[in-house]
Novice: 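I'd like to ask you about the structure that follows.
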Amino acid sequence: MSTSYYIYYRAAASNGEKLHATVTRMQASVQSTTGVAGRLLRRRDDARTWMEIYEDVQDTARFEAALADAAGACGLNALLESPRVIERFVPAPKA
């Protein structure tokens, strides 16, 4: 069963450009390791709230390990005001 990941957090003040570059590098690393491409969004009415989206993840253990390794290697947490919140969703069963 595939899993989709929605990860949100708040950027520390004035870190927008650096955060974007860092997350882009991190997502490239994750994609290289797992084949899963990520998307990066910013909240429309709050430029400091960001979200990463990863869909159709088949091997969740491998993906989560690669994501944690890449985030640590690029120093992502140092650019954040809040911890990264990871939400996991699976397809809804058909009625």
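Note that these values count all heavy atoms, side chains included, but never hydrogens, waters or copies made by symmetry.
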Novice: Between the side chain of N15 and the main-chain N/O of K18, is any donor-acceptor distance below 3.5 Å?
Specialist: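 Here the side-chain-to-backbone pair does not exist.
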Novice: Measuring only between side-chain heavy atoms, which start at C-beta, is T22 closer than 4.5 Å to L79?
Specialist: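 Touching, per the 4.5 Å side-chain cut-off.
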Novice: Are any side-chain N or O atoms of Q27 and backbone N or O atoms of A37, one a donor and one an acceptor, separated by less than 3.5 Å?
Specialist: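 A pair under 3.5 Å: no.
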Novice: Specify the closest pair of heavy atoms between I53 and E55, including all atoms of both residues, with the distance to one decimal.
Specialist: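 Scanning both residues, the minimum pair turns out to be CG2-CG, 3.7 Å.
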Novice: Going only through I, L, V, M, F, W and Y residues with side-chain contacts under 4.5 Å, is there a path from I7 to V85?
Specialist: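 Each belongs to a different hydrophobic cluster.
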Novice: Just wondering, more than 12 heavy atoms not from E17 lying within 6.0 Å of its CD?
Specialist: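 No.
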Novice: Do T49 and R42 pass the side-chain contact (heavy atoms from CB on, under 4.5 Å) test, and can you show the C-alpha distance, the side-chain angles, and the key distance before you say yes or no?
Specialist: CA-CA 6 Å; T49 301; R42 192 182 69 186; over 6 Å; no
Novice: Would a single hydrophobic cluster contain both F89 and Y8, if residues Ile, Leu, Val, Met, Phe, Trp and Tyr are joined by side-chain heavy-atom contacts under 4.5 Å?
Specialist: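 Linked, Y8 and F89 end up in one cluster.
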Novice: Is any side-chain heavy atom of R10 closer than 4.5 Å to a side-chain heavy atom of D46?
Specialist: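 The answer is yes; the side chains approach within 4.5 Å.
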Novice: Do Y5 and F63 pass the ring pair (Phe, Tyr, Trp, His ring centres under 6.0 Å) test, and can you show the C-alpha distance, the side-chain angles, and the key distance before you say yes or no?
Specialist: CA-CA 10 Å; Y5 288 76; F63 173 79; 4.7 Å; yes
Novice: Quick one, M51 with R39, criterion side-chain contact (heavy atoms from CB on, under 4.5 Å). Give me CA distance, side-chain angles, the key distance, then yes/no.
Specialist: CA-CA 8 Å; M51 178 180 283; R39 294 187 292 143; over 6 Å; no
Novice: Hydrophobic cluster membership, with links at side-chain heavy-atom distances under 4.5 Å among I/L/V/M/F/W/Y: are Y54 and M1 in one?
Specialist: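 No, because Y54 and M1 fall into different hydrophobic clusters, even though each may have its own neighbours under 4.5 Å.
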Novice: How about T60 and R88: do any of their side-chain heavy atoms sit closer than 4.5 Å?
Specialist: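 Heavy-atom side-chain distance check fails, nothing below 4.5 Å.
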Novice: Would you say the side-chain atoms of T34 pair up with the backbone N or O of V30, donor to acceptor, closer than 3.5 Å?
Specialist: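 Yes, the answer is positive, given that a donor and an acceptor are paired below the 3.5 Å cut-off.
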Novice: With distance as the sole criterion, is a donor-acceptor pair present between the side chains of E52 and Y9 under 3.5 Å?
Specialist: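 A donor-acceptor contact under 3.5 Å links the two side chains.
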Novice: Are L41 and W50 close enough that some pair of their side-chain heavy atoms sits under 4.5 Å apart?
Specialist: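 Not in contact.
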Novice: Using side-chain heavy atoms (C-beta onward) and a distance below 4.5 Å, is L67 in contact with R84?
Specialist: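 In contact.
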Novice: Of the non-hydrogen atoms in M26 and C74, which two are nearest, and what is the gap between them?
Specialist: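 In terms of heavy atoms, the two residues are closest at CB-SG, 3.9 Å.
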Novice: Using every non-hydrogen atom in the two residues, find where P91 and S2 come nearest and quote the distance to one decimal.
Specialist: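 Reported closest heavy-atom pair: CD-O, 3.4 Å.
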Novice: Would L80 and L19 count as a side-chain contact (heavy atoms from CB on, under 4.5 Å) here? Give the steps.
Specialist: CA-CA 8 Å; L80 305 181; L19 178 61; 3.9 Å; yes
Novice: Can any side-chain N or O of T33 pair as donor or acceptor with the backbone N or O of A66 at less than 3.5 Å?
Specialist: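 Answer holds: no.
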Novice: Does the pair V23 and L76 meet the rule for a side-chain contact (heavy atoms from CB on, under 4.5 Å), with working shown?
Specialist: CA-CA 7 Å; V23 173; L76 179 59; 3.7 Å; yes
